[in-house]
Each structure stands twice: as C-alpha cells, then as structure tokens.
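Below is one structure, written out as structure tokens; the observations come after it.
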2 protein chains.
Amino acid sequence: MDKSICPRFEKAMGLLSQRWTGLILYQLLSGPQRFCTIESSVGVSGRVLSERLKDLENEAIVKREVYPETPVRIEYSLTDKGLALEPLMKEIEKWSQNWLEA
Amino acid sequence: MDKSICPRFEKAMGLLSQRWTGLILYQLLSGPQRFCTIESSVGVSGRVLSERLKDLENEAIVKREVYPETPVRIEYSLTDKGLALEPLMKEIEKWSQNWLEA
DNA sequence: ACAATAACTTACTTTATGTAAGTAAGTATA
DNA sequence: TATACTTACTTACATAAAGTAAGTTATTGT
C-alpha cells in the first residue's frame, strides 16, 4: 500500500509544511516587503528567513528585487504562482476562524 | 511591526506546518484508517506518526477508536473539526495541479 | 571618525526527526 | 508447551533542522 498520495500534492504539502513558509507567504500576500519587515512580523529568525526566501525563489513562488536607492532597498514579492496561493490561504483563515479559539 | 498576523491563523498554520501532519490528515480524508496503513501510505516513521496522532487527538481533529477484535483493531478517523479541512485540502490539490510539474 | 541601518552569513547550541530495536497482548503453528 | 507472528506502539541513539547571537559589507547620518 506504499505511497498512495499524488506526488504533486505531496510536493505542495512539502513546501507549505516547511516551518515558517506558510506564514511568510501569507505575509507577502499583503504586498511586497523587505527582509526585516517579514522577519519581525512573522517572528522568524534571519537565518531561517534567508534560507526560506532562497528556496521560494528557486520554486518561482517569490521574487527578489533590488532597488539601488540609498540605502539600498530589497523587496520580496509573490509571483503569479505565489499569488495563486491566495484561495488556499483564505481557506486556512476560514477554518481557523470556525474551529479555533481566540 | 511585531506579530501582525492573526493568532488563530498562526495556530492553524502551526498545526499544518508540522512535518507530516498535512499528509496524515489528507490520508484520513479518504476514511478511517489504522496505524500501519497510514504509516506506509504516507511514508512517515512510526515514532513520528505516534506523536502526531496524539497531538491531533489533543486538538480534537482526529479520534482514535479501539475495536477489541482479534487481533485488536485501532482506527483513526477525522472529527468534524478534521473533516472541515477538506476544502482547504482541495485548494492545495488545485494549486498543485495548476502550478507544479508532474 | 563613529554610530546606525539593512541584509545577510557564520559558528555554535538546542530541538526535531529518522532509524532500528524492543515491548505487550493475543493468535496461530510446530 | 514453546516459538513465531501481528498490530500498535515506545525507547535509545544518530543525524538533520532550527534558534541564538555575533560578525560582515555597504552606505548614511552626526
């Protein structure tokens, strides 16, 4: 009975179940943001955030843009693939509202 | 700018982003199942599966039922709270179909 | 020149997970 | 009667992932 789960589903779940990844993506749904903003609003350490953003860039879910202003501004935002996660996030919101205590 | 994310959402994401938890729940959506079935279909180790099922029982997402047959049969199934995760899982399926390669 | 800020990276510690063996209860087999 | 087998776990130990804190590079403000 080994491995009855769809590999694509498994991959998606593998991405989302990386610690912090879901919260990082949820945070980015509210618009492009810089490193330190994500760090403090999500509560993830810089070390892990840096790692996750690289992974998400490799998956083409997040894009990184450098604005050579002064001081330099680096913004992370969602690609179309990343934006497509919105309905999923809304479902998590719904479930948490309906089934979890405040 | 600390902690701008809704605590309920954060808790929901915390549950789902535990390694294996999402796949275990997805597997249980197809009906009640025993320990060893989940173990092999999901690919999780017994050690972690045992831990996860206990956590999910404590969260009232999964229930455990003992049938004193021979040999004893123990089945894990979703509560209403667990079943309510179905739309969310469907969204993950959709996203994975649309955006991930096979 | 000195302190400050953003965006990281590195070194080190703690926690989580994987692996494999062990346990308990009951059944079937030799 | 003793041995082996099955399910559902637990325990002990090794490895991988995450947390913490300090360090780096570039640039600005005082």
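Chain letters run A, B, ... following the sequence lines, proteins first, then strands; residues in each count from 1. These numbers come from a predicted model, not from an experiment.
Residues B:F9 and A:E93 come closest through the heavy atom pair CD1-CG, 3.6 Å.
Spacing between atom CD of B:E69 and atom C1' of D:dT7 amounts to 12 Å, rounded to whole angstrom units. Between the CD atom of B:E39 and the C1' atom of C:dT19 there is a distance of 12 Å, given to the nearest Å. Across the protein-nucleic acid pair, B:E51 atom CD and D:dA12 atom P stand 15 Å apart, rounded to whole Å. When the P atom of C:dA24 is taken as reference, atom CZ of B:F35 falls 17 Å away, rounded to whole Å. The separation between A:Q18 atom CD and C:dT17 atom P is 11 Å, rounded to whole Å. B:E75 has its CD atom 17 Å from the C1' atom of D:dC9, to the nearest Å. Straight-line distance from the CG atom of A:L49 to the P atom of C:dA6: 14 Å, rounded to whole Å. Regarding A:R52, its CZ atom lies at a distance of 16 Å from the C1' atom of C:dT9, rounded to whole Å.
With respect to the salt-bridge test (charged N to carboxylate O, under 4.0 angstrom), the residues A:E91 and A:K94 qualify. A salt bridge does not link B:K54 to B:E57: none of the charged side-chain nitrogens sits closer than 4.0 Å to a carboxylate oxygen. A salt bridge between A:R19 and A:E51 is absent, with no side-chain N of the basic residue lying under 4.0 Å from a carboxylate O of the acidic one.
Which of C:dA7, C:dT17, D:dA8 sits closest to the side chain of A:I74 comes down to C:dA7. Closest to the side chain of A:S45, from the set C:dA7, D:dG19, C:dG18, is D:dG19. Closest contact between the side chain of A:W20 and the listed nucleotides C:dA6, D:dA18, D:dC9 involves D:dA18. Of all nucleotides listed (D:dA8, C:dT9, D:dT20), C:dT9 comes nearest to the side chain of A:S50. Side chain of B:V48, nearest nucleotide from D:dA8, C:dA7, C:dT17: C:dT17.
For the OP1/OP2 pair of C:dA7 and a distance below 4.0 Å, the side-chain nitrogens and oxygens of A:R73 include no atom meeting the criterion. Between D:dA8 and B:K54, no contact under 4.0 Å exists linking OP1 or OP2 to a side-chain N or O. For the OP1/OP2 pair of D:dC9 and a distance below 4.0 Å, the side-chain nitrogens and oxygens of B:Y76 include at least one atom meeting the criterion.
To the nearest 0.5 Å, the span separating CD1 on B:I24 from CD on B:Q33 amounts to 11.0 Å.
Along DNA chain C, the nucleotide nearest to B:V44 and the one nearest to A:R64 differ in position, and the one closer to the 5' end is contacted by A:R64. Two residues, A:R19 and A:G46, neighbour DNA chain C, and the one matched to the more 5' nucleotide by heavy-atom proximity is A:G46.
The base of D:dA18 sits within donor-acceptor range of the side chain of A:R47, with an N or O pair under 3.5 Å.
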